[in-house]
Amino acid sequence: MAATDLERFSNAEPEPRSLSLGGHVGFDSLPDQLVSKSVTQGFSFNILCVGETGIGKSTLMNTLFNTTFETEEASHHEECVRLRPQTYDLQESNVQLKLTIVDAVGFGDQINKDERPIVDYIDAQFENYLQEELKIRRSLFDYHDTRIHVCLYFITPTGHSLKSLDLVTMKKLDSKVNIIPIIAKADTISKSELHKFKIKIMGELVSNGVQIYQFPTDDEAVAEINAVMNAHLPFAVVGSTEEVKVGNKLVRARQYPWGVVQVENENHCDFVKLREMLIRVNMEDLREQTHSRHYELYRRCKLEEMGFQDSDGDSQPFSLQETYEAKRKEFLSELQRKEEEMRQMFVNKVKETELELKEKERELHEKFEHLKRLHQEEKRKVEEKRRELEEETNAFNRRKAAVEALQSQALHATSQQPLKKDKDKKKCIHLDGSKTFTLASVS
Ligand code: GTP
Ligand code: MG
């Protein structure tokens, strides 16, 4: 349908007229129908517990819902913060509640001072919901909504001030989730210290611009109690599932050598206030705020990031198809640009490698020439030595031949004059005197 047709139809819409009914029709049962439908459908509620290891998160959850959830103690040596969700089906009267408790395991311990895993977890639940909404065949009716409805932020009862980790984390979370700060293990801090601590915490939250959840005051039925409770924040709570006899009643309490701290005694701690505000009065508001405020913000940012826009005043009405086409074109040209960029990078890389290879080849060639020269030089020297040796051998052979020739001449001459030789022999014997050998025996 063209934009102008849309405009024509919307402009032609007539003003509704008020009419009175002649008698009972029955649509006044709509609220009851709604309640009945919701009850049949059941509810889901998701609580995120953030606080250092051993601060009393599991105990408080057990105390709040008056049951024993599966708990697994966290070690103080977790390598990083991990989110552990556990879902339970609870029933009270005819109301079904799918309760998910998410523990930020390891938070605040060792070097686990990073709130990012918590933020990522919250975003991931929003993203899952958004993906379901954007499906062509969506089934939000029976979708298990895991979006976090409330974050109970457990503050350590130091009596000093908030840790910077607490401030940073709460600041990062406040636009994504309803935060209710609570002072844990409030029985470990004195009454006057607790009073000062509460004032200090609220002052620090305000001066650091941290937005915590405010119990709504727009519904007359609960405006008064919510306004009073807002002034009590942060709630100082004590958790315990242990039952102690006080008077003739069994109450949940923590027993000490000097006395008993009763969990549900408003003079002892704010546990009842927390339960009243969180479960009995504002559970639906927390669910609604999560959807209409936090999820809406996430959805808006996500869709804007994807290029979708609402029309404003005089601009053209928003068209999903046009936006999609524009985005598609943008995406394709971006893809082309990236492809071209990568191709260019590849060509440059090849050129670079080619140059490097050429340079290496030249170096190798030079090395080869150098070695060749050295080899030739060596060869020439060896050749020279060989020649010298040959000359020496020839000279030696010549001398040897001459000696042999002389020897044979001498022998020849000797055989021609035997008598003379005998005479010489005798002469030798005479000269020698005492010895009786001959020259012939010597040779
Ligand atoms: P991890 O899940 O291991 O991080 O611990 P957690 O925060 O769930 O604490 P958990 O409830 O397991 O409690 C740890 C210890 O603190 C237990 O010994 C509890 O009995 C004790 N504890 C819990 N709540 C309170 C409280 O309100 N006051 C005091 N004094 N001790 C508490
Ligand atoms: Mg625990």
Side-chain angles (χ1 to χ4, degrees), residues 46-88 99-115 117-118 121 148 150-159 163 165-166 169-170 173 179-191 193-195 197-198 201 232-244 246 251-276 278:
N46 308 317
I47 304 177
L48 168 68
C49 294
V50 180
E52 64 186 47
T53 305
I55 192 73
K57 303 182 287 291
S58 306
T59 311
L60 188 75
M61 285 301 108
N62 289 343
T63 321
L64 269 175
F65 288 91
N66 206 1
T67 186
T68 313
F69 297 115
E70 291 158 30
T71 49
E72 195 184 298
E73 254 182 45
S75 105
H76 283 279
H77 306 286
E78 294 280 340
E79 273 175 21
C80 55
V81 179
R82 86 191 140 85
L83 282 290
R84 186 180 58 201
Q86 266 167 327
T87 303
Y88 308 90
L99 178 74
T100 302
I101 299 173
V102 186
D103 246 334
V105 182
F107 178 76
D109 254 347
Q110 316 290 327
I111 51 159
N112 293 339
K113 312 281 184 210
D114 191 1
E115 77 297 327
I118 304 174
Y121 180 86
I148 299 295
V150 66
C151 164
L152 292 181
Y153 197 97
F154 290 69
I155 298 166
T156 316
T158 58
K163 293 182 194 160
L165 173 69
D166 296 330
T169 308
M170 280 196 256
L173 296 182
I179 302 175
I180 300 183
I182 52 182
I183 300 169
K185 298 189 178 179
D187 53 330
T188 60
I189 186 168
S190 78
K191 199 169 176 175
E193 277 174 339
L194 182 65
H195 181 67
F197 192 35
K198 276 192 178 191
I201 290 172
H232 272 94
L233 284 169
F235 294 136
V237 296
V238 173
S240 175
T241 46
E242 194 186 326
E243 299 212 307
V244 177
V246 175
V251 293
R252 284 183 297 169
R254 299 190 76 83
Q255 193 161 25
Y256 293 104
W258 57 88
V260 174
V261 180
Q262 296 170 35
V263 169
E264 292 178 65
N265 184 333
E266 287 201 56
N267 290 321
H268 292 189
C269 74
D270 298 333
F271 172 81
V272 170
K273 294 188 180 72
L274 173 68
R275 187 179 60 195
E276 202 70 11
L278 177 70

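Remember, it's 1-based here, ligands and their atoms both numbered in the order they're listed.
- For the atom pair CD1 (Ile182) and CZ (Phe271), the distance works out to 10.0 Å, reported to the nearest 0.5 Å.
- Taking any N or O of Ile55, backbone or side chain, at least one lies under 3.5 Å from an N or O belonging to ligand 1.
- Atom NZ in Lys198 sits 10.5 Å away from atom CD1 in Ile155 (nearest 0.5 Å).
- The backbone and the side chain of Thr53 each have at least one atom closer than 4.0 Å to an atom of ligand 1 (non-hydrogen atoms only).
- For ligand 1, the polar-atom distance check against Val238 finds no nitrogen or oxygen pair separated by under 3.5 Å.
- An N or O contact shorter than 3.5 Å links Gly54 to ligand 1 by distance.
- Checked against a 3.5 angstrom limit, the closest N/O atoms of Thr188 and ligand 1 fall outside it.
- Taking backbone and side-chain atoms together, Thr59 has no N/O/S atom less than 2.8 Å away from the Mg ion (ligand 2).
- Contacts with ligand 1 closer than 4.0 Å are made by side-chain heavy atoms of Tyr256 only, the backbone lying farther away.
- The side chain to side chain contact (heavy atoms under 4.5 Å, CB included) with Ile47 is formed by just one residue from the set Val150, Leu64, Ile148; it is Val150.
- Distances between N or O atoms of Asp187 and those of ligand 1 include at least one value under 3.5 Å.
- For the side chain to side chain contact (heavy atoms under 4.5 Å, CB included) criterion with Phe235, the lone passing option out of Leu152, Asp270, Leu278 is Asp270.
- Interatomic distance, Glu115 CD to Phe107 CZ, rounded to the nearest 0.5 Å: 7.5 Å.
- With rounding to the nearest 0.5 angstrom, the OG atom of Ser58 is 5.0 Å from the CG atom of Asp103.
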